[in-house]
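Reading through the structure tokens given below for one structure.
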There are 2 protein chains.
Amino acid sequence: MRCFAPPFAKREKQKEAAGGRNGAYMTDMAKELHHPERDQIELSAVLEALSEPTRREIVLRLTEEGESPCQAFDATAPKSNLSYHYARLREAGITRTRIVGPYRMISVRVDDLAARFPGLLDSIIAASRARAQAG
Amino acid sequence: MRCFAPPFAKREKQKEAAGGRNGAYMTDMAKELHHPERDQIELSAVLEALSEPTRREIVLRLTEEGESPCQAFDATAPKSNLSYHYARLREAGITRTRIVGPYRMISVRVDDLAARFPGLLDSIIAASRARAQAG
DNA sequence: CCGTCAGTTCAACAATTATTGAACTCCTTG
DNA sequence: CAAGGAGTTCAATAATTGTTGAACTGACGG
């Protein structure tokens with residue numbers, strides 16, 4: 001946690017104009033993201049994460065295309081909404097995200113999920129595919 | 001919908017005492033409950049319903065013991081909370097409830113779920129069993 | 001350094017979920 | 001009919017989820 005960032009002179013001006021924010025962002029946007037260990041992946045978190053349609057679509061496409069840049073999903077939803085969904089998927093142990101310069105590559109932890117909950121991801125993917133084809 | 005129930009004289013008194021409720025319950029508590037048709041069962045609803053631990057426990061026990069009276073789960077949570085969970089399971093198409101006098105028998109729609117999302121319920125049950133044994 | 005881009009964080013907001021306890025409805029029995 | 005039991009409904013509440021847009025951070029190139 002870096003808490004000694006210098007004052008943002010430019011930001012002070014913008015704050016006055018936008019009239020929105022108090023306090024500074026002091027969050028450390030790390031170069032390595034946290035992922036739960038395989039044995040920490042919880043069934044409830046996985047089921048809940050995958051019950052949401054946007055997140056299920058992301059996972060479906062990732063299983064079809066393999067590791068992809070987050071950018072590949074830009075047309076799916078606004079950036080900040082996607083950030084939220086990526087975080088939910090990652091925290092649930094469903095995806096892995098690695099930082100490559102200004103980009104992020106995201107992939108499904110297929111092996112971990114299969115080891116942890118055999119058949120679960122496959123059945124959800126299959127159901128999603130059937131739905132996508134019928135729709 | 002029965003809308004011509006007589007005024008509840010006794011209830012009027014209790015309302016004064018309890019100081020809580022306005023208006024009459026006019027909901028028709030039918031003898032037959034609505035269940036979605038097999039092809040109306042939605043993946044999101046199923047995943048979300050089963051992401052909740054109490055509901056998952058109910059379903060797990062039902063698959064082990066077969067159709068059971070709701071009473072069998074009385075120790076799991078308070079009655080009103082159970083009513084809520086039963087309704088969520090039923091609406092999601094996961095369980096079937098039939099009314100037998102003052103009792104309700106509840107069962108899992110195993111065949112429907114298997115037909116609709118092959119392998120899904122099995123993998124969730126298996127994961128829940130593994131968890132129950134480890135816990 | 002500045003400007004741009006990729007993606008995140010934040011706060012606000014609306015919607016939804018899960019829980020609670022009292023009142024309710026329906027059924028059964030005496 | 002009254003009483004009791006099974007289970008539901010209702011309204012209130014707290015917590016959580018999903019969305020939004022502005023501000024932010026870090027990387028990169030000129």
Side-chain angles (χ1 to χ4, degrees), chain A residues 2 5-6 8 10-33 44-45 48-49 51-55 69-74 76-88 90-92 97-106, chain B residues 1-2 5-6 8 10-33 44-45 48-49 51-55 69-74 76-92 97-106:
Chain A
R2 306 170 192 156
F8 292 89
K10 196 193 302 183
R11 183 171 151 267
E12 287 293 331
K13 287 183 182 174
Q14 288 179 1
K15 192 185 71 175
E16 294 297 331
R21 311 273 175 182
N22 306 312
Y25 283 16
M26 294 196 182
T27 308
D28 180 23
M29 292 167 66
K31 293 185 180 157
E32 292 276 332
L33 299 168
S44 281
E48 179 161 348
S51 69
E52 204 281 321
T54 298
R55 294 201 283 269
C70 289
Q71 212 172 28
F73 301 95
D74 279 1
T76 308
K79 287 237 182 215
S80 56
N81 191 228
L82 284 174
S83 274
Y84 174 76
H85 288 314
Y86 296 144
R88 291 302 303 265
R90 190 169 61 247
E91 289 159 6
T97 307
R98 60 187 184 99
I99 301 174
V100 186
Y103 302 97
R104 295 191 176 208
M105 305 297 292
I106 181 174
Chain B
M1 185 67 107
R2 306 169 195 155
F8 293 89
K10 196 191 300 184
R11 183 172 151 266
E12 286 294 330
K13 288 185 183 174
Q14 290 177 1
K15 190 184 71 175
E16 295 296 331
R21 312 268 174 185
N22 306 312
Y25 283 17
M26 295 197 182
T27 308
D28 181 20
M29 293 166 66
K31 293 186 180 157
E32 292 277 332
L33 300 168
S44 280
E48 180 161 347
S51 70
E52 205 281 323
T54 299
R55 295 200 282 269
C70 289
Q71 212 173 28
F73 301 95
D74 278 2
T76 308
K79 288 237 182 212
S80 55
N81 191 229
L82 285 174
S83 273
Y84 173 77
H85 288 315
Y86 296 145
R88 291 302 302 266
L89 287 169
R90 190 170 61 247
E91 288 159 7
T97 306
R98 60 188 185 98
I99 301 173
V100 186
Y103 302 98
R104 294 192 177 208
M105 305 296 292
I106 180 173

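Throughout, protein chains are lettered first and strands after them, A, B, ... in sequence-line order, and every chain is numbered starting at 1. Just so it is clear, the model here is predicted, and its values are computed rather than measured.
- S51(B) approaches E48(A) most closely through the heavy-atom pair CB-N, 3.6 Å.
- R55(A) pairs by the side chain to side chain donor-acceptor pair (under 3.5 Å) definition with H85(A), not counting sequence neighbours.
- In the set dT8(C), dG7(C), dT17(D), the nucleotide with an atom closest to the side chain of E48(A) is dT17(D).
- Under the side chain to side chain donor-acceptor pair (under 3.5 Å) criterion, Y86(A) pairs with no residue, sequence neighbours left out.
- The stretch residues 77-88 of chain A comes close to DNA chain D through P78(A), S80(A), N81(A), Y84(A), H85(A), R88(A), each having a heavy atom under 4.0 Å from the strand.
- Listed candidates were dG7(D), dT19(D), dT8(C). Nearest to the side chain of C70(B) is dG7(D).
- Here the closest non-hydrogen pair linking A77(B) and N81(B) is CB-OD1, 3.7 Å.
- Here the nucleotide nearest the side chain of Y103(B), chosen from dG7(C), dA18(C), dA6(D), is dA6(D).
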Report all interatomic pairs (protein N or O, nucleotide N or O of nucleotides 28-30 of chain D) with separations under 3.5 Å.
none

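- Not a single side chain to side chain donor-acceptor pair (under 3.5 Å) links S80(B) to another residue, sequence neighbours left out.
- In terms of phosphate contacts, R55(A) brings a side-chain nitrogen or oxygen within less than 4.0 Å of OP1 or OP2 of dG18(D).
- Listed by chain and number, the residues in a side chain to side chain donor-acceptor pair (under 3.5 Å) with D74(A) amount to none (sequence neighbours excluded).
- Note: CD1 (I99(A)) to P (dA27(D)) measures 8 Å, nearest angstrom.
- Counting only heavy atoms from C-beta outward, the side chains of L33(A) and R104(A) approach each other to under 4.5 Å.
- Every residue two or more places apart in sequence or in another chain that forms a side chain to side chain contact (heavy atoms under 4.5 Å, CB included) with T76(B) is listed here: T54(B), E57(B), R61(B), F73(B), L82(B).
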